[in-house]
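Since the model is a prediction, treat every value here as computed from it, not as a measurement. Chain letters run A, B, ... following the sequence lines, proteins first, then strands; residues in each count from 1.
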Number of protein chains: 2
Amino acid sequence: MQRKSKNADNKTKPSVPARTAGGPRYQQIADDLLAKLRDGTHPVGSMLPTEVELSGQYSVSRYTVREALRLLEAMGLVDRRQGAGTTVNASDPDERFVQEMTSVDELLQYPENTRLYVISAKYVEAGEALAERLGCTPGETWQQIDTVRRVTATAAPICTTTIFVRSEYGAILDDIGTVPEPVYAQVQKRFDLQLARVGIDLSAGPVGEGRAELLEVEPHAPALLIMRRYLDPKGRIFEVSESCHPAARFTYRLTLRRTGRTED
Amino acid sequence: MQRKSKNADNKTKPSVPARTAGGPRYQQIADDLLAKLRDGTHPVGSMLPTEVELSGQYSVSRYTVREALRLLEAMGLVDRRQGAGTTVNASDPDERFVQEMTSVDELLQYPENTRLYVISAKYVEAGEALAERLGCTPGETWQQIDTVRRVTATAAPICTTTIFVRSEYGAILDDIGTVPEPVYAQVQKRFDLQLARVGIDLSAGPVGEGRAELLEVEPHAPALLIMRRYLDPKGRIFEVSESCHPAARFTYRLTLRRTGRTED
DNA sequence: TAGTGGTCTAGACCACTGA
DNA sequence: CAGTGGTCTAGACCACTAC
């Protein structure tokens, strides 16, 4: 009815379209549904009415209902499954923080004026401890590549990085250091892999015995330890890197911004 | 035409719907347009054909074209402006990584079975060094609250956290430790602030003199240092916290997943 | 004012889920 | 197999932009 009045009346007397109050109809419906999620009309875990039912309740077409649900879905409030229905995920828009970066480089790789130098490389068979770190089954063979990263201008290295790649990608060793590209990207290209996810563990610890000399710090000095696991779309890890940054030589900075709020 | 055949022919001979190859029609169209962005048919900065033109070219309804454009828009490849048209933003989907968390808690706050204990609190005037850390002008007064966080069950504290809030929010001190909520959330509620962004610095360093005892570790032991700056929508910092996690007692884990790819 | 994208309808078939 | 969400059509009016 409201809809009708908008389309019909506007022809003769636009005055103030219903739209100005509350935005498009689907937005209004999304707001209304959101209110019903908050007040418990549709508790978390329950099913929302079907799209056809909702279009009846609001006297709108199914399209309009779907646009409203699309908004709720984008806010993470509902799940829609073909054939199954729409279920309530949460009663309130998440205070969801999103970090976006143009590329992984910006996250945990390094400026372009740094270079990676290979110290040594060898094939290793994963024992239990290593297998756990690599997320593989014990007995698999991986290529282990020990490197340091240096700012081209400066003497002191930024960090040491030990890179593990599955043995079938071990040939990537030849490419490391030849281009300023991250190793994961080189592996990706050369072996036609797809990078789907990166798992990152950040912790602190002492600089290891062997590395202190390379890094020109005392042994056991505090260091930031970053472990990165690169996964293909199937969830298989194809590369793992472990970096060790002497304290005060590296700060990892990120900014999160809030999304998923109706006020946005 | 292809479309036609699907809807019409399927009635009599569904066999293998055109859908199975390449997904829904709008997806195919998005893929085709994407290819045309890549090969320069539609250079960056140029206008895409209008929706009506595209629906003619592909022999589909405008709805289908719009779904396709919606995909491209979500990938950041095109901009759509009512009345103006659709412009090309980029020729290739970003390799963009996104970290999502349900809440800031999941990022850098702590499980529910931990509690924050206030050690001491005082008002301080920001000197130059502190002012820089707090992102304010020297001379401002802030409330400084020193705390430790403990797992309720265990003896050893997880970390020490020094919290700075602007003096006008200093009264928040009364609330700390009373509820399991993060301090920033308490400030937000009590003073009706909006949290818009969080800046995070991660680094490693030695545990400070005074804190070693609290944390039950030797002085200068390696620690993970986390500094968080909470900003309101205007970019004003209203809270800063500095946490010190003894090594091996804390790992910060995050997962990034790739978005903006057609393959997803 | 012409033309664009934004919203909306009414109706249809399809793919999938679950009983 | 009934019912759900997913896709799609054909057509309409609106809000906005640019000329």
**Study point:** Per A:T64 side chain, nearest of listed nucleotides D:dC8, C:dC8, D:dT7
**Key:** C:dC8
Check your understanding: Angle class for the A:Y230/A:Y184 ring planes (parallel below 30°, perpendicular above 60°, tilted otherwise)?
Key -> parallel
Review point. Do B:S241 and B:R229 have a side chain donor and acceptor closer than 3.5 Å?
Key: no
**Study point:** A:R25 (side chain) and C:dG6 (base): donor-acceptor pair under 3.5 Å
**Key:** no
Check your understanding: With distance as the sole criterion, is a donor-acceptor pair present between the side chains of A:Q28 and A:D32 under 3.5 Å?
Key -> no
Study note, to complete from the structure: Under a 4.0 Å heavy-atom cutoff, the residues of residues 46-54 of chain A touching DNA chain C are none
Review point. Would a 4.5 Å heavy-atom cut-off, applied to side chains only, mark A:M227 and A:S203 as touching?
Key: no
Study note, to complete from the structure: Whole-Å distance, A:I29 CD1 to C:dT9 C1', equals 13 Å
Exercise for review: Check each residue of residues 76-85 of chain B for a non-hydrogen atom within less than 4.0 Å of any atom in DNA chain D, then write out the ones that pass by number, or none.
Suggested key: B:R81, B:Q82, B:G83, B:A84
Exercise for review: Check A:L134 against A:I237 and note the closest heavy-atom contact, atom names and distance.
Suggested key: O-CD1, 3.3 Å
Point to revise | Modelled atom types, side-chain donor and acceptor of A:T64 and A:E67, under 3.5 Å | key: no
Review point. Atom CZ of B:R62 and atom P of C:dT9: how far apart are they, to the nearest Å?
Key: 15 Å
Review point. Has B:Y26 got a side-chain N or O lying under 4.0 Å from the OP1 or OP2 atom of D:dT7?
Key: yes
Check your understanding: What's the CD-P distance between B:Q27 and C:dC14, to the nearest Å?
Key -> 21 Å
Point to revise | Side chain to side chain, B:V88 and B:L48, heavy atoms closer than 4.5 Å | key: yes
Point to revise | Separation of B:E239 CD from B:F191 CZ (nearest 0.5 Å) | key: 11.0 Å
Point to revise | From C:dT9, C:dG5, D:dT9, nucleotide with atom closest to A:S61 side chain | key: C:dT9
Revision key, fill the gap. B:Y63 atom OH is separated from D:dG6 atom C1', nearest whole Å, by 7 Å
Revision key, fill the gap. Rounded to whole Å, the CZ-P distance (A:R66 to D:dT7) equals 7 Å
Practice item. For B:E67 and D:dG5, give me the distance from atom CD to atom C1', rounded to whole Å. Key: 13 Å
Review point. Quick one: do the A:T141 and A:R166 side chains pair a donor with an acceptor below 3.5 Å?
Key: no
